Amino acid sequence: MLAKGREVLMIPGPTTVPDAVLSAMHRPAIDIRRGPLVDLTDTLLADLKTVFGTREAKTFIYAANGHGTWEAALSNVMSRGEKVLVLDCGRFARGWGEMASGLGLDVEILPGDWRRAADPDALQARLAEDTGHEIKAVLTVQVDTASSVINDIPAMRKAIDAAGHPALFLVDAIASLGTTPFEMDAWGIDLALTGSQKGLMTPPGLGVIAAGPRAFKAHENADLRTRYWDWTARMGREHYMKYCGTPPEHMLFGFRKALDMLLEEGLDAAFRRHALLSGAVHAAVAHWAKGGAVAFNVTDPAQRSPSVTTVLTPGLAPMDLIAFCEDTCGVTLGGTIGEIAGTGIRIGHMGHVNAPTVFGALGAIETGLAVLGAAGASGGLTAATGFLAEAVARERAVETVRA
Ligand SMILES: *Cc1c(COP(=O)(O)O)cnc(C)c1O
């Protein structure tokens with residue numbers, strides 16, 4: 001009824017691809033062995049280091065989605081039968097553990113609660129118990145896209161150090177890179193990975209790994225190495241082998257444009273934008289929650305991610321709300337997945353998002369809540385605009401003082 005017009009995609013990946021990125025991909029293929037494509041690879045690998053916050057690490061681009069990139073990471077640094085510790089905090093943390101099991105690794109899950117961030121104290125305690133250093137790697141996500149929790153990555157590094165444990169520290173930043181600070185070197189991360197299709201505004205299909213010196217040390221003897229993922233095989237001079245075959249050219253054209261957009265905006269500005277827009281979403285949800293029809297999945301406000309918000313809907317059937325938003329308003333939301341499937345919705349607010357996209361999504365949700373008869377539906381959008389008005393006014397006051 002109201003859906004015709006530009007669609008608004010608010011799932012937590014893939015995210016809206018900017019027109020400029022789509023346009024950059026719309027061109028004929030070019031040579032894969034010499035010329036501009038070789039330079040393009042070099043600039044991408046260099047700029048990705050900036051985005052990961054590393055000078056020390058080496059970056060690799062795979063034609064793969066996130067699952068492939070998980071496998072790429074593990075196969076390059078682990079050996080059959082070795083033990084990894086996975087910090088449970090949602091479906092994606094566990095999913096990485098499942099990939100590890102499939103590769104023949106011994107996977108231990110550090111129990112967690114999907115409504116809270118993984119607990120650095122529990123990590124420290126578990127590692128301190130492991131006096132024989134059987135655990136070879138700690139696997140965690142910065143943001144778990146199912147629960148929408150954000151983990152405190154520097155606190156986890158401190159926990160590993162406090163336990164005096166030599167395990168590698170591997171971090172999945174698929175749902176967070178480009179939306180919130182990530183400092184691979186400063187935070188002592190041995191390996192970080194991401195995908196193209198979330199904060200990085202590019203279609204799904206590229207995976208990126210940044211591998212630090214300790215990851216490379218482990219790589220030397222890792223017996224899970226296979227030809228396609230192998231870093232060593234990708235490190236020669238030959239451009240073709242950097243992708244272990246034909247480079248995914250058009251994806252690279254798009255990725256280049258997306259990184260240009262992100263770096264032109266500035267990483268700090270992009271983080272600020274995500275902080276403000278997620279604050280607006282959280283203000284609306286907090287308001288609706290007063291009526292009891294909805295509730296935050298993540299209980300502690302400080303642990304709510306700036307890229308995605310999982311909203312439980314005890315007062316109504318989430319599929320009805322999702323269907324209303326999509327079919328009647330043209331706003332596509334996600335449903336909850338994994339352990340909490342069928343209990344709520346997920347609002348993705350990362351990548352190519354701005355104030356009108358977020359207002360549009362919140363307006364559709366608020367209309368849907370009212371149509372479905374949820375108590376306390378009205379006022380959420382006003383809470384969101386009020387939050388932004390206050391935040392922006394505060395920022396302007398600071399700028400005036402500075403000037
Ligand atoms: C989306 C996502 C993945 C999986 O990526 P795919 O491209 O769907 O394989 C893994 N980890 C996190 C944190 C994600 O958000």
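Bear in mind the structure is a predicted one, so any value in this text is a computation, not a measurement. First listed ligand is number 1; within each ligand, the first listed atom is number 1.
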- Message: I need the single residue from Asn151, Val138, Leu139 that forms a side-chain contact (heavy atoms from CB on, under 4.5 Å) with Leu87. Which is it?
- Response: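 The single option meeting the side-chain contact (heavy atoms from CB on, under 4.5 Å) with Leu87 is Val138.
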Within the 4.0 Å heavy-atom shell around [X], which atoms of ligand 1 are there?
{"X": "Val143", "value": "13 (C)"}
{"X": "Lys198", "value": "1 (C), 2 (C), 3 (C), 14 (C), 15 (O)"}
{"X": "Trp70", "value": "10 (C), 11 (N)"}
{"X": "Thr145", "value": "12 (C), 13 (C), 14 (C), 15 (O)"}
{"X": "Gly66", "value": "5 (O), 6 (P), 7 (O), 9 (O)"}

- Item | Aromatic plane relationship, Tyr228 with Tyr62 - under 30° parallel, 30 to 60° tilted, over 60° perpendicular |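 Correct class here is tilted.
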- Message: Is the ring pair Phe216/Trp231 parallel, tilted or perpendicular, if the boundaries are 30 and 60 degrees?
- Response: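 Rings of Phe216 and Trp231: tilted, 30 to 60°.
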- Task: Run the contact test for Gln142 against ligand 1 with a 4.0 Å cut-off on heavy atoms, strictly below, and give the result.
- Result: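 No heavy atom of Gln142 comes that close to ligand 1.
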- Query: Heavy-atom contact under 4.0 Å between Asp172 and ligand 1?
  - Reply: yes
- Task: Determine, step by step, whether Ile365 and Trp288 satisfy the side-chain contact (heavy atoms from CB on, under 4.5 Å) criterion, reporting the C-alpha distance in whole Å, the side-chain angles of both residues, the deciding distance to 0.1 Å, and the verdict.
- Result: CA-CA 10 Å; Ile365 295 169; Trp288 296 325; 3.6 Å; yes
- Is a side-chain donor-acceptor pair under 3.5 Å present for His219 with Thr232? yes
- Would you call Lys49 and Glu56 a salt bridge, taking side-chain N to carboxylate O under 4.0 Å as the test? no
- Is Gln197 close to ligand 1, meaning an N/O of one under 3.5 Å from an N/O of the other? yes
- Query: From Leu110 CG over to Asp119 CG, what is the distance, rounded to the nearest 0.5 angstrom?
  - Reply: 8.0 Å
- Query: Considering only the protein, which heavy-atom contact is closest to atom 9 (O) of ligand 1, and what is its distance?
  - Reply: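 Scanning the protein heavy atoms, the shortest distance from atom 9 (O) of ligand 1 goes to His67 ND1, 2.5 Å.
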